[in-house]
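Presented below is the structure to which this report refers.
Just so it is clear: chains get the letters A, B, ... in the order the sequence lines come, proteins before strands, and each one is counted from 1.
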Amino acid sequence: MSLDAEEEFLKELNEPQREGVINTEGPTMIIAGAGSGKTRVLTYRIAYLIKYKHVDPFSIMALTFTNKAAREMRNRIEKVVDNDARNIWMGTFHSVFARLLRSEAHHIGYPSNFTIYDADDSKSLIKSIVKEQGLDDKVYKANAVFSRISGAKNNLVSWKDYINNPLYQADDESQMRPHIGKLYQLYVQRCFKADAMDFDDLLFNTNLLFKEHPDVLNKYQQRFQYVLVDEFQDTNISQYLITKRLASVRQNIAVVGDDAQSIYAFRGANIQNILNFEKDYPDLRIIKLEQNYRSTQNIVNAANSVIVKNKAQLHKNVWTSNQEGRLIELIKAVSDNEEGKLVASTIFEQKMNHQYHNSDFAVLYRTNSQSRAMEEALRRMNIKYKVVGGLSFYQRKEIKDLLGYLRFAVNQNDEQALRRIINLPKRGIGDSSVDKIIVAADEQGVSLWEILENIHHFVGGRAGEAIKNFVTMIKSFRITMEKSDAYDTAQMVAKNSGLLKELYEDKTVEGLNRYENVQELLNAIKEFVDNPETNDKTLGAFLQEVSLLTDADDKNKELDDAVTLMTIHMAKGLEFKNVFVVGMEEDLFPSQMMLSSRADLEEERRLFYVAITRAEQHLFLSYALNRYRYGRLKTCEPSRFLSDIDTTYLQVSKSIGSHEPLPGVQAQHFGKRSLIAGFPEQKPQAPRHFVKQTAHQPSSDFKPSDTSNLIVGNRVEHPKFGFGKVIRMDVDGANRKAIIDFEQFGEKTLLLSFAKLRIVE
DNA sequence: AAGGCGCGTTTTTTT
DNA sequence: AACGCGCCTT
């Protein structure tokens, strides 16, 4: 080993980066500001381990947040080390531990061909459990129940712990949902019976495995001598504990993250992990990366001026020696559609004046639904774009249908897959027959498949006959599967199930599309099988990969020169020369949901920080004065986040925006709006309609009244807004509305179908 | 069992 | 506006 070569290797790094690379032993935490070369440190660290510390790639585990990040890192490492980086265990927490569980799950009672339930599977399972329990599905909404269960699992609270924990119980009772614990238990048992794990189970069960089988844990502790974690700020307790257990012998754990970019608390991510880390590893080496290489001074400074408004943060001083750059531009539009037009025309201008490519632009928004207006405008101007996220390929019905068949061929206990495919295409097996099967399996204490194989005992007549044929068909799939690879099996299944035929006969535009999509899925399977890096070419291996795939992983989308449209969450870890952050309006960003349900303004602000710091050269912020939301046109106020930005870094774009009233919008709004014309010179004012968490404690005898006879003049109480008086009633299509003047919050329009009102007099 | 119609609900972010 | 669910009819 030549020392010169090593110096050569390290010469591209600044001092703290270098520290982060060469101190390979012992616990290390790298706090990396936005754009400070965090991924670079991680890749160099791994390459350095292999090349200069002669560590076997086989004993390195690197955990990333997305599959894409893992792929990129692997490519970069391969460029540096000639040694093949293929043996590094690198991927998302979910994919890495799914892989581990495939070989070890038998210790905890799961077979190795277990299915992975996606969020849709989980929710529909919850729906059926709620129904079976005779509970009200309006009270026990699948989303709410699921997120409660998910939260518990991410905190490593088992269903038994949950039921025995008075805090959880009290919480649920105060929400009028005392049976969530029971539902949690039934849900877990049903998943287990179906040989299925949901996303959270992959982590929960890994923890369980490590806890209950020290010998297994020990095996992996010996193997993985170096553990690295990217995006540490977005890990949850469950993930943290896995890494802690794995690294507890060697203590060679390196985590990289930025507390200012923690945006997944809603999914259980916990900044507390960063603090715990210091406690868990007393001799921790902390390295701070503070020099930003990505953005202009104006952008870095503006971002700093935003993030200091947060109280909860570690001290950090992000700076840059890049040039000052242009001011951030604020674009105001009259409507969401006009916002789209302005963004599109600005992109056009920038391209003309500065020789940019389409791929130098990104449009970031808070919610997926905002992409529509943007797409339309870009299409009109003939600017190529791609939407990342939203409805992904693998969420399409026809794709899930075929995958359902494949899943069931692999695992006959997969209840959700069975429900999806048993009568598809229609073969005369209705819901009542399916229910009979499930009840029978439950009563007999056997698997669904055993009932299906002996169906003549349970369902007779035409349906029974149809089921018999179905079973024969599935058996033929299994025989093919055992002697063929994933592609041949999938093709045979697509043909013999009748799915392909049904789609082929549908000559509508959508039908044609669907047919092509299925063909595309088959192509993807072919690609999977043909890929020389695929060791395991079975159907099961393909399904596992697919179930953990995200839309950001779609390779087809990386080729073209196109403007990128995506949510800010999806933009994490990416950078673009020009960035538009659109929809900078109160209630949209920061999201109304976030504020009223979780009261976490700071997480929203960190999200804004992430958005700003994606930009390398030029940042544009835009808002619309009117926007279609929930199918209605609504007037909006500019986001409070705009006034967080120090105005020295900001300029209002020359009065772009037509300021013509929209059809159907009363002119009165624009009178008020003209106040904002001078924004941001005007002092920021306290937002008026912001519902604080401490808003109102409903009276102890609060009981919602029947609002069908609500009249003008009634005095009412609302559990959140307090007392008020009905000043107007309105009918809008199917909805009855009441305009109520609340003592604390002023006028509000309530949809009576949603409003919980107590009529006081 | 299957398909149609009308009503009611829902819109935050994702592995 | 878009979707899903339940009920009703065939």
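No engagement by A:Phe93 is indicated, since no non-hydrogen atom pair under 4.0 Å with the nucleic acid exists. When heavy atoms are screened at a 4.0 angstrom cut-off, A:Ser369 is found touching no nucleic acid atom at all.
Residue A:Lys426 contributes atom NZ, which lies 13 Å from atom C1' of B:dG4 at whole-angstrom precision. To the nearest angstrom, P of B:dT15 lies 13 Å from CG of A:Leu203. The separation between A:Gln592 atom CD and B:dT10 atom C1' is 14 Å, rounded to whole Å. Put simply, CZ on A:Arg71 is 15 Å from C1' on B:dT15, counting in whole angstrom units. When rounded to the nearest whole Å, the span between CD1 of A:Ile568 and P of B:dT14 equals 11 Å. Look at CG on A:Leu364: it is 13 Å from C1' on B:dT13, rounded to the nearest Å. Atom CG of A:Leu548 and atom C1' of B:dT15 are 8 Å apart (whole Å). Rounded to a whole Å, the CD1 atom of A:Ile467 is 13 Å from the C1' atom of B:dA1.
Put simply, A:Asn368 has a side-chain N or O that comes within less than 4.0 Å of OP1 or OP2 on B:dT14. The phosphate of B:dT13 (OP1 or OP2) has no side-chain N or O of A:Ser591 nearer than 4.0 angstrom. Between B:dT13 and A:Lys572, no contact under 4.0 Å exists linking OP1 or OP2 to a side-chain N or O. Residue A:Asn236 places no side-chain N or O under 4.0 Å from the OP1 or OP2 atom of B:dT15. The shortest distance between the side-chain N/O atoms of A:Asn143 and the OP1/OP2 oxygens of B:dT12 is not below 4.0 Å. Close to B:dA1, at under 4.0 Å from its OP1 or OP2, lies a side-chain N or O of A:Ser433.
We find the CZ-CD1 distance between A:Phe470 and A:Ile455 to be 10.5 Å, quoted to the nearest 0.5 Å. From A:Tyr184, atom OH reaches atom CD1 of A:Ile126 across 11.0 Å, with rounding to the nearest 0.5 Å.
Side chain of A:His94, nearest nucleotide from B:dT12, B:dT10, B:dT15: B:dT15. When distances are taken from the side chain of A:Met570 to each of C:dA2, B:dA2, B:dT14, the shortest belongs to B:dT14. Of the candidate nucleotides C:dC5, B:dT10, B:dT14, B:dT10 has the atom lying nearest to any side-chain atom of A:Lys141. In the set B:dT12, C:dC5, C:dG6, the nucleotide with an atom closest to the side chain of A:Lys131 is C:dG6. Closest approach to the A:Asn423 side chain among B:dT13, B:dT15, B:dA2 is made by B:dA2 (side chain taken as heavy atoms from C-beta onward).
Here, B:dT13 and C:dG4 have their P atoms 16 Å apart, quoted to the whole Å.
Take the nearest nucleotide of DNA chain B for A:Ile429 and for A:Thr567: the residue whose nucleotide is more 5' is A:Ile429. Mapping A:Ser95 and A:Arg427 onto DNA chain B via the closest heavy atom, the residue that lands nearer the 5' end is A:Arg427.
Classified by interplanar angle (parallel below 30°, tilted 30° to 60°, perpendicular above 60°), the ring pair A:Phe608/A:Phe641 is parallel.
For A:Arg366 (side chain) and A:Phe589 (main-chain N/O), no donor-acceptor pair under 3.5 Å exists by modelled atom type.
Summarising the local packing, CZ of A:Arg379 is surrounded by more than 12 heavy atoms from other residues, nucleotides or ligands at distances under 6.0 Å.
Residues A:Gln416 and A:Ser124 have side chains that bring a donor and an acceptor to within less than 3.5 angstrom of each other.
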